[in-house]
Amino acid sequence: MDMAWQMMQLLLLALVTASGSAQPRSARARTDLLNVCMNAKHHKAQPSPEDELYGQCSPWKKNACCTANTSQELHKDTSRLYNFNWDHCGKMEPACKRHFIQDTCLYECSPNLGPWIRQVNQSWRKERFLDVPLCKEDCQRWWEDCHTSHTCKSNWHRGWDWTSGVNKCPAGALCLTFESYFPTPVALCEGLWSHSYKVSNYSRGSGRCIQMWFDSAHGNPNEEVARFYAAVMHVNAGEMLHGIGGLLLSLALMLQLWLLG
């Protein structure tokens with residue numbers, strides 16, 4: 001009898017442990033997905049208005065995770081923010097560079113990425129975003145405007161030569177067109193920053209994908225997108241807990257009947 005009771009306790013513990021590991025691997029509680037900033041190198045602790053946001057970061061001036069100084073610095077060819085040189089394989093085309101600046105503005109300034117924030121163990125940041133559903137037009141235009149510029153890597157998160165303090169191509173890496181390293185829009189948008197983005201099948205204005213570009217005079221469309229996915233995550237988490245609770249109850253009843261028998 002004692003062995004059976006111990007077995008029931010172990011099985012219940014295993015199910016509870018499984019329920020915890022089955023939750024989405026997010027750094028945020030389910031109630032902390034909206035209007036939040038990442039815990040990263042240059043982000044503010046909380047979003048707030050920034051009237052002096054510069055250039056392509058200006059759409060976030062009403063509510064931003066970046067400061068005016070950050071927005072100015074990230075527009076430079078080699079920014080002191082990360083000492084990253086866009087022109088590592090010769091001059092990047094201006095039309096191409098606009099997308100990278102906009103991408104960095106979204107990363108640094110947006111308070112609408114909470115559903116996709118994940119914990120990381122990196123010296124320069126504690127959180128990142130992963131699989132943000134990027135509107136398909138934004139990805140397509142990024143690739144079209146960059147496919148004739150040059151680079152030497154297909155993943156820009158790692159593998160650079162930093163011995164000079166600025167990123168340089170690693171030994172043996174060839175400078176080729178973007179199209180050589182990123183043959184499709186998806187290869188560019190999903191591979192460039194280690195799956196920070198996932199190209200969506202939805203279009204701009206659908207309320208189901210994050211827009212890298214928007215006109216702030218019409219509001220921030222990404223607020224609606226974040227609310228939608230936060231609600232989906234909340235429902236999914238509730239259904240998962242409900243299912244696990246039912247399984248636990250059934251298991252307990254079965255074991256009790258077995259013990260009584």
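These numbers come from the heavy atoms of this one structure, side chains and all, not from hydrogens, waters or symmetry mates.
In this view, Pro111 and Asn35, Pro47, Trp60, Asn63, Cys65 satisfy the side chain to side chain contact (heavy atoms under 4.5 Å, CB included) rule, not counting sequence neighbours. His42 meets the ring pair (Phe, Tyr, Trp, His ring centres under 6.0 Å) test with Tyr82; sequence neighbours excluded. Not a single side-chain hydrogen bond (donor to acceptor under 3.5 Å, both in side chains) links Thr148 to another residue, sequence neighbours left out. Listed by chain and number, the residues in a side-chain hydrogen bond (donor to acceptor under 3.5 Å, both in side chains) with Tyr202 amount to none (sequence neighbours excluded). Not counting sequence neighbours, the partners of Glu137 by the side-chain hydrogen bond (donor to acceptor under 3.5 Å, both in side chains) test are Ser203. The side chain to side chain contact (heavy atoms under 4.5 Å, CB included) search around Arg227 returns Leu34, Glu223, Glu224, not counting sequence neighbours. A search for side chain to side chain contact (heavy atoms under 4.5 Å, CB included) contacts involving Ser196 returns Arg128, Phe129, His157, Trp193, not counting sequence neighbours.
Across all their heavy atoms, Leu81 and Lys41 have their closest contact at O-NZ, 3.3 Å.
In this structure, Trp142 is a member of the same hydrophobic cluster as Leu176, with clusters built from ILVMFWY side-chain heavy atoms closer than 4.5 Å. No chain of hydrophobic side-chain contacts below 4.5 Å, direct or via other Ile, Leu, Val, Met, Phe, Trp or Tyr residues, connects Val166 to Trp124.
The salt bridge (charged side-chain N to carboxylate O under 4.0 Å, His left out) pairs that include a residue from residues 204-219 are Asp138-Arg204, where partners are two or more places apart or lie in different chains. The stretch residues 44-67 participates, sequence neighbours left out, in these salt bridge (charged side-chain N to carboxylate O under 4.0 Å, His left out) pairs: Lys44-Glu50. Applying the side-chain hydrogen bond (donor to acceptor under 3.5 Å, both in side chains) definition to pairs two or more places apart or across chains, none involves residues 164-175.
No donor-acceptor pair closer than 3.5 Å links the side chain of Gln211 to the backbone N or O of Asn222. Counting only distance, with no hydrogens or angles, the side chain of Thr78 and the backbone of Phe84 share no donor-acceptor pair below 3.5 Å. Panel note: side chain Trp143, backbone Cys139; no donor-acceptor pair is recorded below 3.5 Å. Checking side-chain atoms of Thr67 against main-chain N and O of Thr70 turns up a donor-acceptor pair under 3.5 Å.
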request  = Dump the intermediate steps for side-chain contact (heavy atoms from CB on, under 4.5 Å) on Leu113 and Val132, then the final yes or no.
outcome  = CA-CA 8 Å; Leu113 301 173; Val132 169; 4.2 Å; yes
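For the cysteine pair Cys175 and Cys89, the distance separating the two SG atoms is below 2.5 Å.
In this structure, His88 NE2 and Lys153 NZ are separated by 9.0 Å, a value rounded to the nearest 0.5 Å. From Gln56, atom CD reaches atom SG of Cys109 across 11.0 Å, with rounding to the nearest 0.5 Å. Taking CZ from Arg80 and CD from Gln72, the interatomic distance works out to 10.0 Å, rounded to the nearest 0.5 Å.
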Contacts table for residues 91-101: side-chain donor-acceptor under 3.5 angstrom, sequence neighbours left out:
{"residue": "Lys91", "atom": "NZ", "partner": "Asp77", "partner atom": "OD2", "Å": "3.0"}
{"residue": "Lys97", "atom": "NZ", "partner": "Asp77", "partner atom": "OD1", "Å": "2.9"}
{"residue": "Lys97", "atom": "NZ", "partner": "Asp87", "partner atom": "OD1", "Å": "3.2"}
{"residue": "Lys97", "atom": "NZ", "partner": "Asp87", "partner atom": "OD2", "Å": "3.4"}
{"residue": "His99", "atom": "NE2", "partner": "Arg141", "partner atom": "O", "Å": "3.4"}
{"residue": "His99", "atom": "NE2", "partner": "Asp145", "partner atom": "OD2", "Å": "2.7"}

Side-chain donor-acceptor pairs under 3.5 Å in residues 180-192, sequence neighbours left out?
{"residue": "Ser180", "atom": "OG", "partner": "Thr177", "partner atom": "OG1", "Å": "3.0"}
{"residue": "Tyr181", "atom": "OH", "partner": "Cys152", "partner atom": "O", "Å": "3.2"}
{"residue": "Tyr181", "atom": "OH", "partner": "Leu174", "partner atom": "O", "Å": "2.5"}
{"residue": "Thr184", "atom": "OG1", "partner": "Ala187", "partner atom": "N", "Å": "3.1"}
{"residue": "Glu190", "atom": "OE2", "partner": "Val199", "partner atom": "N", "Å": "2.9"}

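Residues Met233 and Leu33 are in side-chain contact: their nearest non-hydrogen atoms beyond the backbone lie under 4.5 Å apart.
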